[in-house]
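In this text, all values refer to a predicted model and were calculated from it rather than measured experimentally. We number each residue from 1, following the sequence as shown.
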Amino acid sequence: MPADIYDWIAQLKSNQWVLDVGSGAGSFPGAEFSCAWLALDDDPAAFTTAVRYSRVTGRSEQLPVANASIDLLICHHALEHLAPLDQTLAEMARVLKPEGKCYISIPNGYGLCDAVYRFVFEGGGHVNRFRKDEVISLVEQRLNVRLVGWQKLYSSFVYLRKLMEFLDPPPPDLSGRLRTIGRLPRRIAGLVQRTLYVATRFLDRWVRTDLSVYGWAFFFEKPSGQPVVEQPGYVNVCLYCGTGQPAASAQRSGWLTCRCQNCSQTYPYFHPFRNTQ
């Protein structure tokens, strides 16, 4: 079992392939890799930044990839957006090598973070809604793989901040709800985001809820006898870019704040609790 997805990526050789399904601009842009990497998205506008990936515009239910050609299949915060789901999973099973690995991260479709997202964005393109045990069983059956590890993904509710960037200036075809939100002072979104971030973590620590958990990351391999391992989640997640970081290596900028390793912004720091780091 790898420490995280970056380990799986780093282990791949130059003649091996990653397929990043529903990649957007590309998953894990900071990863070091020597393998071949194909990023696929159905929106050409997603490919806006210069990265080392090969890119192709295509649909998840018709992957333009040969049978049994992919060593590592990544679907990072995308499966909730992909329809039709059955055909998408069938295509993933088709392209994955017999000894291939699969990484899938999804939101908890019944958690607070996803509920706020769906309310604010009136669905926001989340066409599939998952529970943890249901999606594990679904992927195992359809891709003929077995779960070997997983971890909770903690939220910073960063989509609220990105929403205000999206609304400045507002596009002309906004829905009624977003048009109303767009009239609010910009600082309101930041205040709501910070309040949700701090309050949910306090509740999770002291009441043992999972309100600050956005979803889960799952590691699948072909059938094996390995025990399933829960990896610690990153409780410190940047309010500005959404990057999680281990508390032990977080750059502290004060007793109650830390600095993001990715964008250098400061945000509230939390000591690990339960199975977090």
Side-chain angles (χ1 to χ4, degrees), residues 1-12 16-24 26-28 31 33 37 39-40 60 63 70-83 85-114 117 126-155 210 212-235 237 242-244 246 274-277:
M1 172 64 199
D4 56 29
I5 183 59
Y6 293 95
D7 286 350
W8 268 2
I9 294 170
Q11 290 166 7
L12 294 175
Q16 293 182 295
W17 278 89
V18 169
L19 175 61
D20 189 358
V21 179
S23 64
S27 302
F28 310 110
F33 63 90
W37 189 309
L40 179 141
S60 61
L63 297 175
I70 299 301
D71 297 277
L72 173 58
L73 191 149
I74 291 174
C75 192
H76 184 48
H77 299 317
L79 199 62
E80 64 273 18
H81 294 276
L82 300 179
L85 181 61
D86 285 345
Q87 290 91 322
T88 293
L89 293 173
E91 280 290 272
M92 290 179 175
R94 177 183 67 81
V95 304
L96 192 63
K97 285 184 177 180
E99 69 281 7
K101 300 177 180 180
C102 179
Y103 172 89
I104 293 177
S105 60
I106 58 168
N108 174 4
Y110 300 88
L112 174 65
C113 184
D114 195 57
Y117 176 89
H126 284 197
V127 296
N128 301 310
R129 177 175 281 181
F130 300 107
R131 288 185 171 92
K132 177 172 172 279
D133 291 341
E134 292 173 348
V135 74
I136 291 171
S137 177
L138 182 65
V139 173
E140 287 185 336
Q141 292 175 14
R142 299 300 300 274
L143 273 62
N144 189 28
V145 291
R146 292 294 177 268
L147 183 72
V148 296
W150 67 283
Q151 67 183 154
K152 292 177 180 177
L153 302 175
Y154 285 80
S155 177
D210 275 334
S212 62
V213 174
Y214 167 65
W216 315 279
F218 301 112
F219 298 82
F220 297 93
E221 294 189 47
K222 289 299 180 175
S224 69
Q226 297 182 56
V228 178
V229 178
E230 181 187 355
Q231 298 289 339
Y234 299 136
V235 71
V237 184
T243 300
R274 288 163 34 211
N275 194 20
T276 58
Q277 63 176 352

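A donor-acceptor distance shorter than 3.5 angstrom exists from the side chain of D20 to the backbone of S27, with no hydrogens or angles considered. E221 places no side-chain N or O within 3.5 Å of a backbone atom of K101 that could act as its donor or acceptor partner.
Ring geometry, H77 versus Y214: the interplanar angle exceeds 60°, so the pair is classed perpendicular (tilted spans 30 to 60°).
Among the candidates F28, F220, W8, the single residue satisfying the ring pair (Phe, Tyr, Trp, His ring centres under 6.0 Å) test with Y103 is F28.
Summarising the geometry, atom OG belonging to S23 is positioned 11.0 Å from atom NE2 belonging to H76; distances are rounded to the nearest 0.5 Å. In this structure, CD1 on I5 lies 11.5 Å from CD on Q231, to the nearest 0.5 angstrom. For the atom pair CZ of F218 and CD of E140, the computed distance is 10.0 Å after rounding to the nearest 0.5 Å. How far CG of D210 is from CG of L112: 11.5 Å, rounded to the nearest 0.5 Å. Put simply, CG on L96 and CG on L19 are 9.5 Å apart, with the number rounded to the nearest 0.5 Å.
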> Between C102 and M92, is a side chain to side chain contact (heavy atoms under 4.5 Å, CB included) present by the stated rule, with each step listed?
Replying inline: CA-CA 9 Å; C102 179; M92 290 179 175; 5.6 Å; no
> Checking side chain to side chain contact (heavy atoms under 4.5 Å, CB included) for the pair I106/V135: CA distance, chi angles, key distance, verdict?
Replying inline: CA-CA 9 Å; I106 58 168; V135 74; 3.5 Å; yes
>> Assess the residue pair T243 and Y234 against the criterion (side chain to side chain contact (heavy atoms under 4.5 Å, CB included)); give the C-alpha distance rounded to whole Å, side-chain angles, the decisive distance to 0.1 Å, and a yes or no.
In response: CA-CA 9 Å; T243 300; Y234 299 136; over 6 Å; no
> What do the steps show when you test W150 against V228 for side chain to side chain contact (heavy atoms under 4.5 Å, CB included), and what is the final call?
Replying inline: CA-CA 8 Å; W150 67 283; V228 178; 3.9 Å; yes
